[in-house]
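Let me begin by handing over the structure; questions about it come next.
For the numbers below, each heavy atom of this structure counts, side chains included, while hydrogens, waters and symmetry mates do not. Quick note on labels: first sequence line is chain A, next is B, and so on, each numbered from 1.
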Amino acid sequence: MARALKVESRPGRYGSFGGQFVAPVLLPVLDRLEAGFHSAWGDPAFHAELTHLLNRFVGRPTPLFDIPAFPSRPGGARIVLKRDDLTFNGGNYANSAVGQCLLARRMGLSAVVTDTGSGQNGIATAAVAARFGMRCTIYMGARDAAAQPQAVKKMRLFGAKLEIVEDADRALSSATSAAIRHWMGHSDTDAYVAGAPIGPHPYPEMVAAFQQVIGKETRLQLVEGGVLPSAVLSAVGGGSSTVGLFSSFVSDPSIRLIAVEAAGSGESGAPNSARLSQGRRGIFHGAETLVLADAEGQILAANSIAPGLAYPGSAPQLADLVSRGRVETMTATDAEAQRAVRRLAETEGVLICLEAGHALAAAEHVARTMEPHEAVVVMTPSSGDKDIDILWQDA
Amino acid sequence: MARALKVESRPGRYGSFGGQFVAPVLLPVLDRLEAGFHSAWGDPAFHAELTHLLNRFVGRPTPLFDIPAFPSRPGGARIVLKRDDLTFNGGNYANSAVGQCLLARRMGLSAVVTDTGSGQNGIATAAVAARFGMRCTIYMGARDAAAQPQAVKKMRLFGAKLEIVEDADRALSSATSAAIRHWMGHSDTDAYVAGAPIGPHPYPEMVAAFQQVIGKETRLQLVEGGVLPSAVLSAVGGGSSTVGLFSSFVSDPSIRLIAVEAAGSGESGAPNSARLSQGRRGIFHGAETLVLADAEGQILAANSIAPGLAYPGSAPQLADLVSRGRVETMTATDAEAQRAVRRLAETEGVLICLEAGHALAAAEHVARTMEPHEAVVVMTPSSGDKDIDILWQDA
Amino acid sequence: MAKHNPKRINRIDAMFARLRTENRKAFVTFTVASDPSFEESLARLKTFAASGIDLIEIGHPFSDPILDGATIQKANRRALAAGGNLRVTLDLCRAFRETDDRTPLILMGYSNPLVTMGYERFAEAAAAAGIDGLIAADFPLREADDLVKALAKHGLYMIPLAAPTLEARDFAVEKPGIGGFLYCIPVVGPTGGPSASKEVIAEAVERCRRQSSLPVMVGFGVKTPELAADVAKVADGVIVATALIDRFLEIERDLEGDIKSFQARVADTLTDYRHAIDAVKSA
Amino acid sequence: MAKHNPKRINRIDAMFARLRTENRKAFVTFTVASDPSFEESLARLKTFAASGIDLIEIGHPFSDPILDGATIQKANRRALAAGGNLRVTLDLCRAFRETDDRTPLILMGYSNPLVTMGYERFAEAAAAAGIDGLIAADFPLREADDLVKALAKHGLYMIPLAAPTLEARDFAVEKPGIGGFLYCIPVVGPTGGPSASKEVIAEAVERCRRQSSLPVMVGFGVKTPELAADVAKVADGVIVATALIDRFLEIERDLEGDIKSFQARVADTLTDYRHAIDAVKSA
Ligand SMILES: Cc1ncc(COP(=O)(O)O)c(C=O)c1O
Ligand SMILES: Cc1ncc(COP(=O)(O)O)c(C=O)c1O
């Protein structure tokens with residue numbers, strides 16, 4: 001369990017963040033899930049099957065990758081990518097999709113429901129559900145679906161039922177709301193698969209536990225390479241890859257942990273996605289956390305060129321780690337992220353997603369302030385294939 | 001070297017196939033390449049760097065994968081996929097792109113030129129060239145480019161110069177001709193990177209050598225799993241994955257080797273890509289081989305739903321192996337291939353390319369005639385992401 | 001600002017005491033504050049009270065009404081567009097109290113505006129606005145200690161939501177600040193969903209009564225006057241939300257802005273339910 | 001069918017013998033058979049001979065003229081569209097021979113139609129059609145043993161292509177069936193590319209002469225009458241292909257189908273080159 005990441009005041013709390021702010025009708029469902037998860041997590045057979053699937057079906061471990069030709073100026077710390085873009089389907093979302101589908105099957109459920117913004121969580125869940133022979137319903141905002149037609153088709157090819165959501169922001173946040181409504185009505189057969197360590201307890205704990213594999217692999221790979229990093233950076237959407245990567249470094253105070261948020265266009269007053277650094281304490285999608293909201297408590301639409309970062313809520317763990325000062329925040333603009341992704345493609349032959357581009361842009365700044373013998377780790381949650389139309393506009 | 005695959009009558013010949021049917025001006029270039037390749041291939045340092053790149057940059061070894069839920073009827077041999085779709089860029093084309101770019105750099109060349117049909121060879125070459133800091137020019141037929149806009153953008157993101165060819169069939173065959181013309185004019189600086197073991201000697205030998213890693217890995221993985229397959233199937237485009245996979249099984253007469261060709265629509269008289277089973281002996285793109293041509297020796301346009309299979313020429317090795325009866329041929333239609341790809345996605349959560357769908361469709365027929373303790377290996381050269389628009393037409 | 005008088009009996013308790021003596025069941029409905037505007041919302045509250053509604057649930061508009069079906073989601077969006085929010089909802093209640101000091105008002109909605117305002121500030125302002133209770137869609141009792149304390153201090157009740165699948169500890173909690181009635185939800189799923197059978201409803205109510213001495217009202221999925229009558233046979237009150245909102249929208253479309261006849265038709269509709277519910281008593 | 005008479009001297013050898021006595025250099029051009037039609041192609045061959053062309057290279061149309069630039073690629077496509085192919089090209093040569101038994105004809109093109117017809121059948125048919133030699137763009141001597149034997153048997157020459165980068169073994173091969181002249185290509189790249197300088201051309205020719213006793217003609221990139229004259233100073237002949245095809249297309253566009261004046265203008269153009277080349281002799 002994500003022990004190192006937690007300073008729980010009571011179960012399901014990270015400091016003062018977390019909790020179970022749901023319709024009471026969901027409480028028994030969450031209680032069953034909590035019990036099911038703890039039982040599974042204590043069962044060596046569950047871990048054996050999980051590990052087998054992570055290796056054979058997800059494609060773990062994913063490599064650590066040097067990018068010596070990337071920096072635009074010589075000097076500074078070396079930048080190393082953790083390449084979860086190289087999982088088979090859906091980037092790092094595959095880690096928790098496999099875990100949650102396996103758990104759902106163990107609990108006797110026959111179907112899964114989830115939401116997706118960039119398409120990655122949906123693709124991962126659809127692929128795993130196909131493999132397990134489980135029915136799969138996926139909610140996606142109409143705006144996101146229009147921006148990611150390939151992802152929509154891919155999920156359908158995996159046999160998933162796609163529900164396109166025309167509500168509100170027509171993006172991830174509406175899709176999540178719709179998926180939770182679906183789940184409320186079908187909790188006897190359907191497991192809700194969370195793409196990120198957000199939502200009511202036990203989701204943050206459970207998703208963090210399934211994503212820990214990223215941090216564990218990274219630490220092991222670094223140790224094998226004789227390196228301990230000076231800083232670890234990750235762009236924060238729902239926070240699944242960030243929590244997963246940070247988990248193995250949080251108890252090591254000499255390592256800077258930097259959560260990179262999307263600054264959108266970067267113009268002051270324009271919508272962004274920086275709720276850890278600029279958000280308010282609030283209650284959203286089942287947990288008390290930091291959210292983008294106005295003075296009346298209305299949730300604001302998040303904005304970023306990277307669909308996976310445009311979410312107004314935060315993982316409660318991250319809200320706590322930021323509040324306690326253990327995790328720093330930085331921002332990167334749409335343009336900075338794009339530039340970083342393009343330069344990496346041109347210099348290294350590696351195409352990462354725009355989400356990771358935010359972290360990479362921030363990492364370049366951080367690396368410049370460091371010595372060449374130091375190293376900076378950048379999380380790459382998924383590949384840039386989904387972003388090609390944004391990255392290269394003149395066909 | 002691809003010893004096992006060769007029964008050479010003289011250097012560069014596979015039985016009566018092969019040779020160097022090029023403009024004489026290219027002969028010194030080919031002679032230098034042959035010498036350069038043999039020197040590199042005998043150099044442990046070259047192999048060390050090649051292996052390092054295959055592991056770290058290409059993502060080898062690629063897994064063998066069981067698909068128990070796929071068969072539409074129970075019984076028959078088990079089907080196992082060799083998953084070269086899980087390399088980082090361009091499927092199995094990455095194997096030879098890395099080898100050839102490494103060789104070009106060793107020979108003091110500063111640029112590469114290649115052609116691409118499905119986009120995979122272009123993507124692989126562009127990524128490797130970016131990594132090596134080499135200039136890269138890629139020729140692609142206008143019809144193929146229109147069908148694969150994401151591939152075009154991806155190559156451009158890797159910094160490659162794309163040349164869209166409006167000639168003749170506006171597909172791979174015209175792109176190859178154009179790339180060779182470019183090479184003729186720039187052979188002092190540019191290496192021509194062959195996507196397949198076609199073309200004049202030493203290309204068939206060299207590409208086969210770089211692709212052998214597929215067969216070696218597969219055999220090792222099968223032996224580790226305690227299996228020897230009854231049949232090995234691969235869909236034939238240029239033949240790179242077929243030659244690479246077959247290389248480790250060709251000297252084992254108990255194992256059936258089956259080259260699967262694209263039957264197109266399957267209507268009699270309609271264009272197809274079945275030149276190994278229905279082609280004529282001819283000279284095309286630098287080698288004597290089996291080609292799709294009319295009674296006057298004019299090359300016919302090949303047709304298949306899978307762009308990677310629509311090529312009128314053949315690898316000379318395969319022409320020889322088919323002529324000697326060591327390799328059998330089968331065909332699969334556009335519809336059969338599509339059905340196989342879709343059923344695999346729905347039952348296993350694995351999306352393979354339409355090229356591999358041809359082999360999978362044939363494998364199902366073959367497996368049905370066998371016993372459950374037997375196994376059939378199917379080559380998967382690349383992922384189905386490139387084919388999503390063909391596979392799912394109603395968005 | 002009106003201070004809470006701890007001696008004063010909560011209007012919800014007063015209502016049930018009165019209904020018991022009359023041998024009648026409560027008829028409750030729901031409207032989103034500022035849907036479609038502050039003025040019309042106020043007029044509607046008055047029509048409700050005048051047409052025999054015993055208790056009114058007032059939704060405070062929220063940007064992400066995640067647990068609601070399409071009808072109430074759209075109502076929230078209209079209200080937000082008209083400038084609605086938690087503060088304006090309190091203003092609306094205060095305005096209603098100028099002419100009606102008897103009909104209990106219950107605030108209903110999501111927790112983020114409450115936590116943003118602060119529980120103490122919120123409870124004080126709500127009491128001052130004449131509000132009697134709170135139903136928070138996404139605020140289970142197990143999370144609500146601080147909120148319940150603030151409500152108790154100002155004489156408001158947190159109304160527990162009770163579903164058949166819920167364990168007693170999640171709705172049958174005795175604590176100052178928790179009370180009024182049990183909101184019994186006999187179906188799973190978001191608002192506006194299918195109706196439960198009268199047998200299922202009866203069983204759900206029975207279970208509530210076994211666990212708690214609070215009055216029990218039934219909501220979610222009560223659509224027709226007939227089902228309302230069936231509910232009234234077993235419960236202490238009937239809550240009809242989505243069905244009435246949908247009906248009022250139909251009337252509005254038919255009348256194309258003729259406000260006077262609109263309020264008359266709303267009253268007619270409510271009277272149908274009212275009669276069906278009251279017929280139970282005389283049965 | 002006319003049988004090869006081994007006693008008869010090859011027309012190419014006869015031409016060089018005659019030009020030597022006249023102290024003149026050969027002027028050679030290239031046309032694709034059936035471009036734009038069989039009839040016009042035949043007329044053009046006759047115009048060529050009448051306008052002082054000493055030797056004609058006739059391309060047999062091919063679907064994939066991979067080593068050619070845009071001009072000759074398009075010519076091939078027009079010829080194919082008009083029904084051209086290797087058999088029809090032989091028919092065209094036979095028709096030309098009905099009125100001209102002196103001008104050497106060299107077949108030029110790609111190997112697939114040859115291998116499809118079969119080397120022996122091809123050589124026999126080509127000899128019968130009055131063809132004197134063969135230039136195969138993609139058929140180096142190191143691959144051509146069988147073909148060369150067949151050509152020798154029927155009195156035809158395979159013309160070696162010689163480039164400055166080529167080793168002697170790849171063009172200076174003495175064998176029955178190889179001869180006529182060396183086709184010296186002073187530039188790299190496909191047809192229709194840039195011109196070499198006259199110094200580079202002189203050096204390339206010099207190298208050919210060191211390796212072989214065959215006459216040397218220069219092609220690829222000879223565009224203007226001036227460059228043709230420079231070539232004529234060092235080589236035994238000048239080959240102009242792309243530049244003339246482009247020029248003829250321009251004339252055709254100008255005249256819009258007036259065939260008579262077309263042939264006259266073609267003749268004028270050729271005469272310009274002819275005079276430039278012949279001026280060398282008198283210099
Ligand atoms: C937000 C909300 N949803 C639902 C309901 C009742 O259920 P239904 O809409 O299905 O009648 C109410 C009534 O109080 C409500 O306030
Ligand atoms: C096919 C072909 N290409 C090229 C040439 C000559 O070169 P250029 O076209 O550059 O004048 C000839 C002339 O014989 C030819 O036949």
Side-chain angles (χ1 to χ4, degrees), chain A residues 55-57 59 62-67 69 83 85-89 94 97 101 123-133 136 145-146 149-160 341-351 383-395, chain B residues 55-57 59 62-67 69 83 85-89 94 97 101 123-133 136 145-146 149-160 341-351 383-395:
Chain A
N55 294 346
R56 296 270 302 181
F57 192 72
T62 61
L64 270 194
F65 212 76
D66 258 312
I67 50 168
R83 298 282 304 273
D85 56 315
L86 300 176
T87 59
F88 302 169
N89 276 308
C101 289
I123 288 170
T125 306
V128 177
R131 171 86 175 178
F132 286 7
C136 179
Q150 300 298 99
V152 170
K153 291 176 189 171
K154 193 163 180 178
M155 290 183 265
R156 287 184 165 142
L157 282 167
F158 287 139
V341 171
R342 293 190 57 155
R343 199 165 75 248
L344 185 70
E346 283 163 18
T347 57
E348 294 283 352
V350 172
L351 183 61
S383 113
D385 285 359
K386 69 179 182 61
D387 299 322
I388 284 176
D389 286 335
I390 302 173
L391 289 162
W392 196 276
Q393 307 242 348
D394 45 309
Chain B
N55 294 346
R56 297 269 303 181
F57 192 73
T62 62
L64 270 194
F65 214 75
D66 257 312
I67 49 168
R83 298 281 305 271
D85 55 316
L86 300 176
T87 59
F88 302 169
N89 277 307
C101 289
I123 288 170
T125 306
V128 177
R131 171 87 176 179
F132 286 7
C136 178
Q150 299 299 98
V152 169
K153 291 176 189 173
K154 192 163 182 179
M155 290 182 265
R156 287 184 164 141
L157 282 167
F158 286 139
V341 171
R342 293 191 56 156
R343 200 166 71 246
L344 186 70
E346 282 162 19
T347 56
E348 295 282 352
V350 172
L351 182 62
S383 111
D385 284 0
K386 70 178 182 62
D387 298 322
I388 284 176
D389 285 336
I390 303 173
L391 288 163
W392 196 277
Q393 307 242 349
D394 45 309

**Request:** Report the option among B/Leu344, B/Asn55, B/Leu86 that has the most heavy-atom pairs separated by less than 4.5 Å from atoms of chain A.
**Result:** B/Leu86
**Message:** Quick check on A/Phe132 against chain B: is it the side chain, the backbone, both or neither that has a heavy atom closer than 4.5 Å?
**Reply:**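 Contact with chain B: none, neither part.
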**Prompt:** Which heavy atom in A/Lys153 sits nearest to a heavy atom in B/Trp392, and how many Å separate them?
**Reply:**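 Closest heavy-atom pair between A/Lys153 and B/Trp392: CD-O, 3.4 Å.
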**Asked** Quick one: side-chain hydrogen bond (donor to acceptor under 3.5 Å, both in side chains) partners of B/Asp66, sequence neighbours excluded?
**Response** B/Arg78
**Least distance between heavy atoms, B/Gly349 atom then A/Phe158 atom** =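 Closest approach of B/Gly349 to A/Phe158: C-CE2, 3.3 Å.
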**By salt bridge (charged side-chain N to carboxylate O under 4.0 Å, His left out) - contacts of B/Glu348 (at least two apart)** =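 In terms of salt bridge (charged side-chain N to carboxylate O under 4.0 Å, His left out), with neighbours along the sequence ignored, B/Glu348 is linked to A/Arg131.
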**Prompt:** Taking B/Gly59, B/Ala127, B/Ala345, B/Gly159 one by one, which has the highest count of heavy-atom pairs under 4.5 Å against chain A?
**Reply:** B/Ala345
**Prompt:** For the residue pair B/Leu391 and B/Gly384, what are the closest heavy atoms and their distance?
**Reply:** CD1-O, 4.4 Å
**Region of A/Asp385 in contact with chain B, defined by heavy-atom distances below 4.5 Å** =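 Both parts, heavy atoms under 4.5 Å.
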**Asked** In terms of heavy-atom pairs under 4.5 Å, which option from B/Leu351, B/Ile123, B/Ile67 contacts chain A the most?
**Response**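 Option with the top pair count is B/Leu351.
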**Part of A/Asp389 within contact of chain B (heavy atom distance under 4.5 Å)** = both
**Request:** For the residue pair A/Phe57 and B/Val350, establish whether any side-chain heavy-atom pair is separated by less than 4.5 Å.
**Result:** yes
**Item:** Toward chain B, the part of A/Pro149 with a non-hydrogen atom under 4.5 Å
**Value:** neither
